[in-house]
Amino acid sequence: MSSGSGTTRTFEFGRTHVVRPKGNHQATIIWLHGLGDKGSSWSQLLETLPLPNIKWICPTAPTRPVAIFGGHPCTAWFDVGDLSGDGPDDLEGLDASAAHVANLLSTEPANIKLGIGGFSMGAATALYSATCHILGKYGNGNLYPVNLSAVVGLSGWLPCSRTLRNQMEGSIQAVRRAASLPILLCHGLGDDVVAYKHGEKSAQALNSVGFRNLMFRTYNGLGHYTIPEETDEVCNWLTARLGLQGSRS
C-alpha cells in the first residue's frame, strides 16, 4: 500500500495468538495488549474466562520507536508522547493498527458478532476503532469495513477526542451508530500510568457526542493492571450485550 508520496510507513505486526471457543462459536473479539507487551500475555488470561462462546484473537503490535521512551523501540499500536490523549495523535499509526484489527475480523463468518477490547494503549486503539466504525471510515478517509457489536477498554483513553465532535456533525448515521454501540470502560482510581482522570474524561467525551450505550466502571485502589472483580464485570457485560448462551458454568 503506497500513497504515491513515498511517505507512507509500513508496519510489521508481531505474532497473533488465538483462543478458540470451547462451546458454540457466537462472537469473536480482538483483544489488544498494552505498550511494550505482546498478544500471548493476554491470550493466557482470556483462556481462563468462563466465556465458551467467544473466540479471542490477540495480535501483537509492531516494534517501533516510541516518543514517550525517547525514541527507544518497543511494541506499540501507535506512537505516543504521553499516555493521556492530550498529546498529538499519531493518525497514521492509529489507522494502521485499526486496519490490522479490522482485517483480522473481516474473515470471520457472517453470523458471528464482532468486538474489540484492550488494555491501556490497546484500549485506546479499541476506542479509536469504535470511532472509525461509527464514522464508517478511518482517519485517512478509507472505508471502515466491519460492523462492531461491543467495545471494551480497560485503563485506557480516547485518541482524537478533540476532533470527534466535528467529524460526527451532520452525519445522522454516525449519531445513530454511536447511540447503539455498547461500550464498557473500566479504570482504577489508583492508576499511576494512565491517570484515572484521563479515563473519566474519555468516557465524558464519548458520552457528550452521543455514545449513549456506554458504561464507565470505577475501581477503588486499582492501579494499572486488572483484577478478577474487573474481569468478572467484563464477562457479565459481554454475556448480556452479545446475548451469549451458556457462558456461566
Side-chain angles (χ1 to χ4, degrees), residues 19 21-34 41-58 101 105 108 111-134 146-158 177-189 191 194 196 198-207 209-249:
V19 179
K22 298 177 182 75
N24 178 28
H25 182 198
Q26 293 178 284
T28 296
I29 298 178
I30 305 272
W31 192 270
L32 305 170
H33 63 74
S41 302
W42 281 93
S43 64
Q44 289 164 12
L45 170 68
L46 296 169
E47 201 159 16
T48 67
L49 300 183
L51 294 169
N53 308 115
I54 293 181
K55 172 184 174 182
W56 299 94
I57 301 176
C58 304
V101 169
L105 286 173
E108 289 300 292
N111 63 332
I112 298 300
K113 291 178 178 175
L114 307 175
I116 305 174
F119 174 78
S120 191
M121 180 185 250
T125 308
L127 288 176
Y128 181 73
S129 297
T131 63
C132 293
H133 158 66
I134 65 119
V146 293
N147 187 31
L148 300 178
S149 294
V151 174
V152 177
L154 311 182
S155 311
W157 72 94
L158 172 66
R177 281 181 181 163
S180 64
L181 177 65
I183 299 180
L184 173 65
L185 300 181
C186 303
H187 218 108
L189 281 169
D191 197 324
V194 180
Y196 174 81
H198 299 309
E200 188 178 41
K201 199 170 94 177
S202 297
Q204 289 166 350
L206 287 165
N207 225 311
V209 297
F211 283 82
R212 300 271 173 266
N213 199 350
L214 182 147
M215 178 187 263
F216 182 65
R217 291 284 285 113
T218 300
Y219 294 88
N220 287 325
L222 178 64
H224 199 65
Y225 48 85
T226 189
I227 51 172
E229 184 190 349
E230 188 181 48
T231 51
D232 284 351
E233 179 100 44
V234 170
C235 288
N236 292 334
W237 185 86
L238 285 171
T239 299
R241 291 296 172 278
L242 297 175
L244 302 179
Q245 65 198 35
S247 291
R248 308 303 294 177
S249 52

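Residue numbers start at 1 and run along the sequence shown. None of these values were measured; they are calculated from a predicted model.
If you take CG on L185 and CE on M215, they are separated by 11.0 Å, rounding to the nearest 0.5 Å. Within the model, atoms CG of N111 and CD of Q26 stand 9.5 Å from one another, a figure rounded to the nearest 0.5 Å. If you take CD1 on I54 and CG on L244, they are separated by 5.0 Å, rounding to the nearest 0.5 Å. Atom CG of L114 and atom CD1 of I57 lie 9.0 Å apart (nearest 0.5 Å). Atom CG of L238 is separated from atom OG of S149 by 11.0 Å, given to the nearest 0.5 angstrom. Note that CG of L45 is 7.0 Å distant from OG1 of T226, once rounded to the nearest 0.5 Å.
With a 4.5 Å cut-off on side-chain heavy atoms, W237 and R217 do not count as touching. Side-chain contact between F216 and N207: absent, with no pair of heavy atoms (C-beta onward) separated by less than 4.5 Å. Counting only heavy atoms from C-beta outward, the side chains of V194 and H187 approach each other to under 4.5 Å. Counting only heavy atoms from C-beta outward, the side chains of H25 and E108 approach each other to under 4.5 Å. At least one side-chain heavy atom of V234 sits under 4.5 Å from a side-chain heavy atom of L154. Using a 4.5 Å cut-off on side-chain heavy atoms (C-beta onward), V151 and S129 make no contact. Proximity of H224 to F119: side-chain heavy atoms (C-beta onward) are separated by under 4.5 Å at one or more points. Within the 4.5 Å cutoff, the side chain of I116 has no heavy atoms near those of the H133 side chain.
Side chain of K22 to backbone of P50: no donor-acceptor contact under 3.5 angstrom is found. Not a single donor-acceptor pair under 3.5 Å links the side chain of N24 to the backbone N or O of N53.
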I would like to know whether E230 and C186 meet side-chain contact (heavy atoms from CB on, under 4.5 Å); could you show each step before the answer? CA-CA 8 Å; E230 188 181 48; C186 303; 3.1 Å; yes
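Nearest heavy atom pair, residue P52 against residue P21, reads O-CB, 3.2 Å. Nearest approach of S155 to D191, heavy atoms of both residues: CB-OD2, 3.6 Å. For the pair L181 and A130, the tightest heavy-atom approach, listed with the atom from each and the gap, is CD2-CB, 3.9 Å. Between I29 and G117, the shortest heavy-atom contact is CG2-N, 4.0 Å. For the pair V19 and S43, the tightest heavy-atom approach, listed with the atom from each and the gap, is CG2-O, 3.6 Å. In this structure, L32 and A126 approach most closely via the heavy-atom pair CD1-N, 4.1 Å.
Not counting sequence neighbours, R177 has no partner by the side chain to side chain donor-acceptor pair (under 3.5 Å) test. Take K201 and apply the side chain to side chain donor-acceptor pair (under 3.5 Å) test, not counting sequence neighbours, and it matches D86. Residues satisfying the ring-ring contact (aromatic ring centres under 6.0 Å, His included) test with W31, not counting sequence neighbours, are W42.
Among the candidates N213, L127, V152, the single residue satisfying the side-chain contact (heavy atoms from CB on, under 4.5 Å) test with I183 is L127.
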